[in-house]
Amino acid sequence: MRDANVFAFRKAMPRMSWSPRNLYNLWRRSCGAEAEAIDFTRSPKTLFQQRWISKALVRAYHGDFINEKIFKRWYLPDTLPDVRPRQHAPSSNGDLDAFAGRTEHLERRKKKASDEQRKGLAPVGSLMLAEVERRIDVFIFRCCFAHSVYEARRLVVHGSVLLNGKKHTNANARLAPGDMVSVDPAAIRFLQEPESTQSSLTPFNLPPYASPFVFIPAYAEVSFPTCSAIYVRHPTARPGYSEIPTPYDADGEVIRLAWEWYAKMRPRTRSKRQMAREPENRSKTQLHPHRPL
């Protein structure tokens, strides 16, 4: 772990971990004392400060182990989605609309607006983090094979992970749909039997306070008997729901302000020298099998 004090109570930044200290920080950011700090409705902070705080919180959870320059260059999509709701002012002159033949068009617009108000817009702003979810270490943590994403990185680096049946030691690799990841059962901590007990059954000992984090996202197909998982597809979003797990509202102010920060600060060009340093992207490898990365 790069920072030993990553779960500091002073900063209270949620991370990808099952640690009880992280759970306490998550509670503080959700409904505790620190929740008011990210409520920018009546905040005296400037717009720059709001964007900076939101960016720091989002990056603390989504890939704090990734260098900021690398994150901006390789993990942000080419075009960030528009997350602002579109407001249409309905016309008040019904006779004029009927004369112009726009009655049917206005009815369709009203029906669409009512559906959006009932279901909500798709939180596409969270999809700017989809490339981080494709990383093999993050995928192992999402499949509940490791207590934290830092432990998942160690599993990959130490050779305890197979990618499509072959040993894989590059924790920066991004998976492609259909890739199968297998983890050595001897390296999964909660599958190890305590020394004081002896049983013929497969042990399953979750750490304390881990239940809030034990869930499987929709884009992963996990088999615990074989300690393997398949990356089925890239995460998506639909009205009112995002498949990317995040401690913040997927369509809330924190994600939107973080998107606004990167929309202005992300690099626009990539030179040939920078392209040669791109982390392994298996989607491109499948499209160009003979092209070196």
Enquirer: Could you give the distance from SG (Cys144) to CZ (Phe213), rounded to the nearest 0.5 Å?
Expert: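 Between atom SG of Cys144 and atom CZ of Phe213 there are 11.0 Å.
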Enquirer: Checking Tyr150 against Asp64: is there a side-chain donor and acceptor pair closer than 3.5 Å?
Expert: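 Judged by distance alone, the side chains do pair up.
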Enquirer: Going by side-chain heavy atoms closer than 4.5 Å, which hydrophobic residues are tied to Trp27, directly or by a chain of links?
Expert: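 Grouped by the 4.5 Å side-chain rule, Phe9, Tyr24 form the rest of the cluster around Trp27.
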Enquirer: Quick one: side chain to side chain contact (heavy atoms under 4.5 Å, CB included) partners of Thr169, sequence neighbours excluded?
Expert: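 With sequence neighbours excluded, Thr169 shows a side chain to side chain contact (heavy atoms under 4.5 Å, CB included) to Lys167, given in chain and number order.
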Enquirer: Could you tell me if Arg189 and Asn205 have a donor-acceptor pair between their side chains, going purely by distance under 3.5 Å?
Expert: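 There is no such pair between these side chains.
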Enquirer: When you measure from the side chain of Arg15 to the backbone of Val6, do you find a donor-acceptor pair of N or O atoms at a distance under 3.5 Å?
Expert: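 Checking the backbone N and O of Val6 against the side chain of Arg15, a donor-acceptor pair under 3.5 Å is found.
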Enquirer: Are Leu206 and Leu23 joined in one hydrophobic group, where the rule is that I, L, V, M, F, W and Y side chains link up if heavy atoms are under 4.5 Å apart?
Expert: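 Yes.
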Enquirer: I would like to know whether Arg10 and Asn5 meet side-chain hydrogen bond (donor to acceptor under 3.5 Å, both in side chains); could you show each step before the answer?
Expert: CA-CA 10 Å; Arg10 182 177 60 86; Asn5 202 24; over 6 Å; no
Enquirer: Treat each ILVMFWY residue as a node, draw an edge where side-chain heavy atoms are under 4.5 Å apart, and state whether Tyr61 and Phe215 are in one component.
Expert: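 No, separate clusters.
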Enquirer: Name all residues meeting the side chain to side chain contact (heavy atoms under 4.5 Å, CB included) criterion together with Ala37; count only those two or more places apart in sequence or in a different chain, and write none if there are none.
Expert: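 Arg29, Glu34.
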Enquirer: Side chain of Gln49, backbone of Thr46: donor and acceptor closer than 3.5 Å?
Expert: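 Here the side-chain-to-backbone pair exists.
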Enquirer: Tell me whether Val157 shares a hydrophobic cluster with Val183, the cluster being built from Ile, Leu, Val, Met, Phe, Trp, Tyr side chains joined at under 4.5 Å.
Expert: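 No, separate clusters.
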Enquirer: Flag yes if more than 12 heavy atoms outside Glu68 fall under 6.0 Å of its CD atom; otherwise flag no.
Expert: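 Correct, the count exceeds 12.
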Enquirer: Check whether Glu131 reaches the backbone of Leu76 with its side chain - one donor and one acceptor, N or O, closer than 3.5 Å.
Expert: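 Such a contact is absent between Glu131 side chain and Leu76 backbone.
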Enquirer: Taking atom CE of Met180 and atom CG of Leu175, what is their separation to the nearest 0.5 Å?
Expert: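 If we round to the nearest 0.5 Å, Met180:CE and Leu175:CG are 12.0 Å apart.
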Enquirer: How far apart are the closest heavy atoms of Pro247 and Leu26, and which atoms are they?
Expert: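 Answer, listing the atom of Pro247 first, then Leu26: CB-CD1, 3.4 Å.
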Enquirer: Determine the minimum heavy-atom distance between Pro123 and Asp251, stating which atoms define it.
Expert: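 Shortest heavy-atom contact: CB-CB, 3.7 Å.
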Enquirer: I'd like to know if the side chain of Thr246 pairs up with that of His62 as donor and acceptor (distance under 3.5 Å, no hydrogens or angles considered).
Expert: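 Result is yes, a qualifying pair exists.
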Enquirer: Side chain to side chain contact (heavy atoms under 4.5 Å, CB included) with Asn170: which residues, sequence neighbours excluded?
Expert: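 Partners of Asn170 by the side chain to side chain contact (heavy atoms under 4.5 Å, CB included) criterion, ordered by chain and then number, come out as His168, Asn172, Ala173, Glu280.
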Enquirer: Can you get from Ile188 to Leu162 by hopping between Ile, Leu, Val, Met, Phe, Trp and Tyr side chains that sit under 4.5 Å apart?
Expert: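 No.
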Enquirer: Is it the case that the side chain of Arg135 and the backbone of Ala171 share a donor-acceptor pair, with hydrogens and angles ignored and the cut-off at 3.5 Å?
Expert: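 Checking the backbone N and O of Ala171 against the side chain of Arg135, a donor-acceptor pair under 3.5 Å is found.
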Enquirer: Apply side-chain contact (heavy atoms from CB on, under 4.5 Å) to Leu257 and Lys55, showing your working.
Expert: CA-CA 7 Å; Leu257 290 171; Lys55 185 271 297 185; over 6 Å; no
Enquirer: Scan the side chains in residues 222-232 for donor-acceptor partners under 3.5 Å anywhere in the protein, sequence neighbours excluded, and list what turns up.
Expert:
residue: Ser223; atom: OG; partner: Thr226; partner atom: OG1; Å: 2.9
residue: Thr226; atom: OG1; partner: Ser223; partner atom: O; Å: 3.4
residue: Thr226; atom: OG1; partner: Ser228; partner atom: OG; Å: 2.7
residue: Tyr231; atom: OH; partner: His234; partner atom: ND1; Å: 2.9

Enquirer: Stepwise, does the side-chain hydrogen bond (donor to acceptor under 3.5 Å, both in side chains) test hold for Ser242 with Ser126?
Expert: CA-CA 7 Å; Ser242 174; Ser126 61; 2.7 Å; yes
Enquirer: Ignoring hydrogens and angles, tell me if any N or O in the side chain of Asn25 forms a donor-acceptor pair with the backbone of Pro14 under 3.5 Å.
Expert: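 No.
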Enquirer: Is the side chain of Arg154 donor-acceptor paired with the backbone N or O of His158 at a distance under 3.5 Å, no angle test?
Expert: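 Checked: no pair found.
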Enquirer: Could you give the distance from CE (Met128) to OH (Tyr262), rounded to the nearest 0.5 Å?
Expert: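 The OH atom of Tyr262 is 7.0 Å from CE of Met128, to the nearest 0.5 Å.
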Enquirer: May I ask you to test the Ile140-Val181 pair for a side-chain heavy-atom distance under 4.5 Å?
Expert: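 Yes - at least one pair of side-chain heavy atoms lies under 4.5 Å apart.
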Enquirer: Indicate yes or no: at least one non-hydrogen side-chain atom of Phe65 is less than 4.5 angstrom from one of Val138.
Expert: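 Yes, at least one pair of side-chain atoms sits under 4.5 Å.
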Enquirer: Which atoms form the tightest heavy-atom contact between Phe7 and Ser17, and what is the distance?
Expert: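 Between these two residues, the closest heavy atoms are CZ-OG, 3.4 Å.
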Enquirer: Given 3.5 Å as the limit, does a donor-acceptor pair link the side chain of Ser54 with the main chain of Arg51, or not?
Expert: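 Checked: no pair found.
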Enquirer: Using the side-chain contact (heavy atoms from CB on, under 4.5 Å) rule, take Asp179 and Leu163 through it: C-alpha gap first, then chi angles, then the decisive distance, then the call.
Expert: CA-CA 7 Å; Asp179 284 344; Leu163 178 59; 4.0 Å; yes
Enquirer: Atom NE2 in His147, atom CH2 in Trp18: separation rounded to 0.5 Å?
Expert: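 His147 NE2 to Trp18 CH2: 5.5 Å, rounded to 0.5 Å.
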Enquirer: When you look at Phe139 and Glu133, which way does the side-chain contact (heavy atoms from CB on, under 4.5 Å) test go after all the steps?
Expert: CA-CA 6 Å; Phe139 183 70; Glu133 298 294 316; over 6 Å; no
Enquirer: Do you know which two heavy atoms are closest between Arg28 and Ala12, and how far apart they sit?
Expert: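 Scanning both residues completely, I find the closest heavy atoms to be NH1-CB, 3.8 Å.
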Enquirer: For Tyr75, is the NZ or CZ atom of Arg174 found under 6.0 angstrom from the centre of its six-membered ring and inside 45 degrees of the ring axis?
Expert: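 Here Arg174 passes the 6.0 Å and 45° test against Tyr75.
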Enquirer: With sequence neighbours excluded, what pairs up with Ser43 under the side chain to side chain contact (heavy atoms under 4.5 Å, CB included) test?
Expert: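 Checked Ser43 against side chain to side chain contact (heavy atoms under 4.5 Å, CB included); matches are Phe40, Lys45, Gln50.
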Enquirer: Do the side chains of Glu253 and Asp39 get nearer than 4.5 Å, heavy atoms only?
Expert: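 When only atoms from C-beta onward are counted, Glu253 and Asp39 do touch, with a gap below 4.5 Å.
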Enquirer: Please work out whether the ring planes of Trp261 and Trp52 are parallel, tilted or perpendicular, with thresholds of 30° and 60°.
Expert: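 Judged by the thresholds at 30° and 60°, the geometry between Trp261 and Trp52 is perpendicular.
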Enquirer: Mind checking the CD1-OH spacing from Ile244 to Tyr219? Nearest 0.5 Å is all I need.
Expert: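 Nearest 0.5 Å value for the CD1-OH distance: 7.0 Å.
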Enquirer: Begin with the C-alpha distance, continue with both residues' side-chain angles, and end with the deciding distance and a verdict on side-chain contact (heavy atoms from CB on, under 4.5 Å) for Phe71 and Arg59.
Expert: CA-CA 9 Å; Phe71 176 82; Arg59 286 284 286 117; 3.5 Å; yes
Enquirer: Roughly how far, to the nearest 0.5 Å, is the CG atom of Asp137 from the CZ atom of Phe145?
Expert: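 Going from CZ on Phe145 over to CG on Asp137, the span is 14.5 Å.
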Enquirer: Looking at every heavy atom in both Val58 and Ala258, which two are closest together, and how far apart are they?
Expert: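 It is CG2-CB, 3.8 Å.
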Enquirer: Please name the pair of heavy atoms, one in Leu155 and one in Ala187, separated by the smallest distance, quoted to 0.1 Å.
Expert: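 Where Leu155 meets Ala187 most closely, the heavy atoms are CD2-CB, 3.5 Å.
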